[in-house]
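Whatever order the structure lists them in is the order used to number ligands and atoms, beginning at 1.
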Amino acid sequence: MTHFLDIHTTAPTDLRNIIDRAQSMKQARAGRPKGMPDDNQPLAGHMVALIFEKPSTRTRVSFDVGVRQMGGQTMVLSGSDMQLGHGETIADTARVLSRYVDLIMIRTFEEATLLEMAEHATVPVINGLTNRTHPCQIMADVMTFEEHRGPIKGKKVVWSGDGNNVFASFAHAAKQFEFDLVFTGPEPLDPERSLDGLYTTVRNPDEAVEGADLVVTDTWVSMHDPQSARERRHNQLRGYQVNKELISKAKPDSLFMHCLPAHRDDEATSEVMDGPHSVIFDEAENRLHAQKAIMRWCLGL
Ligand code: CP
Ligand code: NVA
């Protein structure tokens, strides 16, 4: 079974093939209305379940549209509306869904839920974000970087802010795609220890971004963080805001990314988000193309 659970558990050659295919599939349908099918219909006859235990705009819409463009059908399920939310085990849910659908994408809280789904499903499972990682996002981010600047190998990527789930997938990608990753953020919000060795830490954001080819940030309060921590996190992270002054210390042609949704003028200013370095909406678009290639890889189509 070919699941897409994480970047570090997927072989570098497979990751590279997925990115390259995503790029060629994007080019092949350039300029078409969004609802027009792709010429080849690799998912014809296939049913895909999209399960959300957390809110989503990009993941939900990009997977749904992507499946339809490839000729498949989707059902979007909210965790709370399923028996999953009323105590049916993940394992039983996985076994049952595998009798109805050909592919499962799940966005959930605990990584254990994703892993249990993958263990018991007899169809491929895709990670649509957990508290720990967000691999589909970083596949789109690598694709976006390469679209604008060529190979990411050997480039310097600087993450400014919370050492969260999106950072973790960047750290996994740094190893697989061979780029240098620098984390700059407050010590209490350091990335989890399992990522040690995949990045370097520079506490001072001005020093960290020197020579950066790409500057990235994300929300200061993730969906799994308690709202009670909001004020403390804002106080800890304020000095790591990506603003015009900070980005001016990176390379002149550096790119700026944010997976979105953003809290404008908290983690990044609108001036940067809408400015010349920003590729945030290309990044959002590329979720669609990257995930289409991921689904084809999972299904061997
Ligand atoms: N970036 C991202 O995953 O966005 P959504 O939460 O809207 O899916
Ligand atoms: N770190 C954010 C990413 C949202 C796409 C969260 O987990 O809420």
Side-chain angles (χ1 to χ4, degrees), residues 4-7 22 48-67 74 76-80 104-114 126-145 159-173 181 183 185-186 188-192 195 214 216-230 233-234 236-237 240-242 256-264 266-268 273 278-292 294-295:
F4 186 75
L5 300 180
D6 263 319
I7 289 190
V48 180
L50 306 172
I51 305 172
F52 290 91
E53 295 198 297
K54 287 174 176 169
S56 168
T57 296
R58 280 141 288 267
T59 306
R60 179 182 171 135
V61 178
S62 58
F63 266 104
D64 199 340
V65 170
V67 171
T74 58
V76 182
L77 304 159
S78 131
S80 56
I104 299 168
M105 191 288 312
I106 180 165
R107 164 169 289 194
T108 186
F109 288 87
E110 299 305 324
E111 184 178 62
T113 304
L114 169 78
I126 296 176
N127 176 358
L129 178 145
T130 70
N131 295 358
R132 288 189 76 188
T133 60
H134 195 6
C136 290
Q137 179 67 53
I138 277 48
M139 292 298 279
D141 292 1
V142 170
M143 176 180 172
T144 305
F145 183 90
W159 177 279
S160 184
D162 181 22
N164 65 12
N165 48 358
V166 178
F167 175 83
S169 288
F170 254 109
H172 295 146
L181 181 64
F183 170 79
L189 300 178
D190 270 351
E192 60 170 65
L195 304 170
L214 170 62
V216 196
T217 191
D218 186 14
T219 181
W220 288 344
V221 187
S222 284
M223 291 182 272
H224 59 275
D225 290 321
Q227 278 303 314
S228 57
R230 191 174 179 278
R233 287 175 154 269
H234 275 239
Q236 289 167 321
L237 286 158
Y240 294 91
Q241 182 191 64
V242 182
F256 170 73
M257 288 191 196
H258 187 313
C259 65
L260 305 178
H263 298 80
R264 283 174 174 260
D266 283 345
E267 67 268 17
M273 291 180 63
S278 177
V279 289
I280 56 176
F281 298 113
D282 290 341
E283 199 186 345
E285 178 185 340
N286 284 338
R287 294 291 304 280
L288 169 67
H289 308 293
Q291 289 158 190
K292 286 169 73 178
I294 290 168
M295 288 188 274

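- Other residues, nucleotides and ligands contribute at most 12 non-hydrogen atoms within 6.0 Å of the NE2 atom of His263.
- Counted by atom type alone, Thr144 and Asp282 present zero donor-acceptor pairs between their side chains at under 3.5 Å.
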With the criterion set at N/O pairs under 3.5 Å, what does the list of contacts between the protein and ligand 1 look like, atom names and distances included?
unit_1   : atom_1 : unit_2 : atom_2 : d
ligand 1 : 1 (N)  : Gln137 : OE1    : 3.0
ligand 1 : 1 (N)  : Cys259 : O      : 3.0
ligand 1 : 1 (N)  : Leu260 : O      : 2.8
ligand 1 : 1 (N)  : Arg287 : NH1    : 3.3
ligand 1 : 3 (O)  : Thr59  : OG1    : 3.1
ligand 1 : 3 (O)  : Arg107 : NH2    : 2.9
ligand 1 : 3 (O)  : His134 : NE2    : 2.8
ligand 1 : 3 (O)  : Arg287 : NH1    : 3.0
ligand 1 : 4 (O)  : Arg58  : NE     : 2.8
ligand 1 : 4 (O)  : Leu260 : O      : 3.4
ligand 1 : 6 (O)  : Arg107 : NH1    : 2.8
ligand 1 : 7 (O)  : Thr57  : N      : 2.7
ligand 1 : 7 (O)  : Arg58  : N      : 2.8
ligand 1 : 7 (O)  : Arg58  : NE     : 3.1
ligand 1 : 7 (O)  : Arg58  : NH2    : 3.0
ligand 1 : 8 (O)  : Ser56  : OG     : 2.6
ligand 1 : 8 (O)  : Arg58  : N      : 3.4
ligand 1 : 8 (O)  : Thr59  : N      : 2.9
ligand 1 : 8 (O)  : Thr59  : OG1    : 2.7
ligand 1 : 8 (O)  : Arg107 : NH1    : 3.4
ligand 1 : 8 (O)  : Arg107 : NH2    : 3.2

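- Looking at heavy atoms from C-beta onward, Met105 lies in side-chain contact with Thr59 at the 4.5 angstrom threshold.
- At a threshold of 4.5 Å between non-hydrogen side-chain atoms, the residues Leu195 and Phe170 do not count as touching.
- No hydrogens or angles considered: a donor-acceptor pair under 3.5 Å links the side chains of Gln291 and Ser62.
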Does ligand 2 have any N/O atom under 3.5 Å from a protein N/O, and what are those pairs and their distances?
unit_1   : atom_1 : unit_2 : atom_2 : d
ligand 2 : 1 (N)  : Asn164 : ND2    : 3.4
ligand 2 : 1 (N)  : Asn165 : OD1    : 2.9
ligand 2 : 1 (N)  : Asp218 : OD2    : 2.7
ligand 2 : 1 (N)  : Ser222 : OG     : 2.7
ligand 2 : 7 (O)  : Asn165 : ND2    : 2.8
ligand 2 : 8 (O)  : Met223 : N      : 2.8

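- The salt bridge (charged side-chain N to carboxylate O under 4.0 Å, His left out) test with Arg233 is passed by exactly one of Asp218, Asp266, Asp225: Asp225.
- Atom CZ of Arg264 has more than 12 neighbouring heavy atoms from other residues, nucleotides or ligands inside a 6.0 Å radius.
- For the pair Arg58 and Gln137, the minimum side-chain heavy-atom distance is 4.5 Å or more.
- Between the side chains of Asn127 and Thr133, at least one donor N or O lies within less than 3.5 Å of an accepting N or O.
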